[in-house]
Amino acid sequence: MDIVDSGEHGTLVTRRSGPLDGEVRIGGAKNSVLKLMAACLLAEGRHVLANVPDISDVSLMCELLEAMGVTVTRADHRLVIDVPAELNTEAPYHLVERMRASIVVLGPLLGRFGTARVALPGGDDFGPRPIDMHLRALESLGATFSTAHGDISGTAAVLRGTEVVLEYPSVGATENVLMAAVRAKGRTLIVNPAREPEIGDLVEFLNRMGAEIGWAGDRLAIDGVDRLAPARAPEGYAVIADRIEAATYLAAAGICGGSVFLRHAVAGHMTMLIRKLTEMGMHIVADDEGVRATVTRRLSSADISTLPYPGLATDYKPFLVTLLTTAEGVGIVTENIFTGRFRYIDELRRMGADIRTEGHHAVVRGVERLSGAPVRAHDIRAGAALVMAGLAAEGETEIAGAAHIDRGYEDLAGKLAGLGATITRR
Ligand code: UD1
């Protein structure tokens with residue numbers, strides 16, 4: 001398995017660009033495929049996933065599955081995942097530490113084997129990423145947990161369906177409960193589940209594996225089954241389109257101007273974002289093939305507040321802040337999901353952005369021009385946002401830490417260059 005080095009290597013170099021023109025293909029969703037890969041652990045046999053993005057987080061999840069005894073082959077945006085009858089049910093620290101999404105193996109391992117040991121994820125650039133809700137929810141199904149030596153060990157002689165109330169619609173907790181409850185005895189009702197499109201994709205995939213999951217109003221009802229099998233899809237189960245990747249290219253059009261078509265983007269998964277960008281002055285139309293954005297003038301500022309789906313995703317925020325840096329007027333940005341997610345703002349300031357932060361708020365006053373500077377990417381989306389800023393800046397911008405961007409983007413530089421942006425990789 002080829003692993004893209006997730007160290008700090010790689011620098012992207014940008015120059016002021018625009019107007020952009022052309023078409024970009026939106027790939028499969030990172031935040032879906034990683035969870036579908038974990039779901040494969042629930043059933044012995046050969047699983048095939050299609051529309052799999054070529055990103056290094058997928059490589060890491062392959063490594064994690066392989067460490068458990070699974071065989072994975074990857075070619076042409078497809079994954080063939082052969083899951084044996086017996087698995088090593090441990091997720092080691094050196095992998096979990098590099099990718100927090102690894103915690104979603106907990107649910108399927110408990111669901112199928114009644115035992116799991118997963119290294120506790122540490123903090124990251126977003127601040128702490130607790131898993132207390134995951135554990136409380138799994139405990140209500142009958143699992144018990146203990147921690148030692150930095151690992152969390154869970155056991156469940158039998159999981160029993162029950163009402164699981166999430167005090168917050170956590171994406172990760174909803175996924176872990178879903179993947180445990182599909183094998184529990186009886187019915188589980190998740191009250192206040194996350195409703196992100198990627199949750200819908202996981203529900204669809206699990207149902208194709210033989211699970212019985214449905215929406216009961218705004219709750220998720222799961223009737224446990226005794227056995228699951230690989231989804232029957234010879235060409236592979238196609239992962240949904242990545243709405244965050246789509247948002248990235250919408251932001252590129254917003255900041256550089258021009259007309260860009262995002263093939264395969266699903267407007268219905270980005271309703272609130274499209275509304276916000278339209279309010280700022282972008283013209284966005286959608287059809288079955290994708291989404292077209294046209295920008296002919298300097299954008300106007302707007303206020304932004306992140307919320308669980310269908311609200312504006314926290315992952316969109318770095319792009320929106322970047323758009324505000326050169327928009328006309330003042331925008332107030334409020335982060336409600338991860339309070340620590342403002343570190344890239346120091347980098348934007350180095351490029352001449354006028355941003356003040358206080359607690360989980362940022363006040364962005366648009367300036368006429370940003371100024372190119374050496375900056376550093378500290379996470380995937382913030383890294384992509386710095387690239388956008390570089391496309392709006394006078395002179396050259398060097399974005400170090402491009403490996404962070406590779407975790408979630410397939411060929412960001414190539415796709416932007418295809419639209420006419422000036423960007424190269426060193
Ligand atoms: C989050 C985002 C998701 C995004 C992903 C990757 C939300 C609601 N979730 O998912 O859209 O794609 O990051 O960037 O926007 N929390 C706890 N205890 C827990 C679990 C979570 O306190 O056990 C808190 C978190 O600290 C955070 C909030 O709940 O403030 C949302 O967390 P959650 O949805 O679980 O995060 P991810 O699954 O990582």
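Just follow the structure's listing: the first ligand is 1, and inside any ligand the first atom is 1.
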* Structure fact -> Minimal heavy-atom distance between Ala286 and Ala267, with the atoms involved, is CB-CB, 3.4 Å

* Asked: Within the distance-only criterion (no hydrogens, no angle test), does the side chain of Arg195 pair as donor or acceptor with the backbone N or O of Pro193 below 3.5 angstrom?
  -> yes

* Return yes if some donor-acceptor pair links the side-chain N/O of Asp287 with the main-chain N/O of Glu289 below 3.5 Å, else return no. => yes

Looking only at N/O atoms, are [X] and ligand 1 under 3.5 Å apart anywhere?
X: Asp132; result: yes
X: Asn31; result: yes
X: Phe338; result: no
X: Val171; result: yes

Indicate every side-chain donor-acceptor pair of residues 108-120 with a distance under 3.5 Å to a residue at least two apart or in another chain.
unit_1 : atom_1 : unit_2 : atom_2 : d
Arg112 : NH1    : Leu41  : O      : 2.8
Arg112 : NH2    : Pro84  : O      : 3.1
Arg112 : NH2    : Ala85  : O      : 2.9
Arg117 : NE     : Asp151 : OD2    : 2.9
Arg117 : NH2    : Asp151 : OD2    : 3.1

* salt bridge (Lys or Arg N to Asp or Glu O under 4.0 Å) with Glu398: which of Arg350, Arg426, Arg376? -> Arg426

Taking 4.0 angstrom as the limit and counting only heavy atoms of [X], give me the atoms of ligand 1 inside it, by number and element.
X: Asp315; result: 4 (C), 6 (C), 12 (O), 14 (O)
X: Thr314; result: 15 (O)
X: Gly172; result: 35 (O), 38 (O)

* Structure fact -> Sorted by chain and number, sequence neighbours left out, side-chain contact (heavy atoms from CB on, under 4.5 Å) with Ala384 holds for Thr248, Phe319, Tyr409, Leu412

* Asked: Heavy-atom distance to atom 24 (C) of ligand 1: which of Glu175, Lys317, Met133, Glu196 wins?
  -> Met133

* Measure from atom 30 (O) of ligand 1 to every heavy atom in Ile337, Asp379, Leu34, Ile380 and give the option owning the shortest one. => Ile337

* **Validation row: Val177, His134 side chains within 4.5 angstrom (heavy atoms)** => no

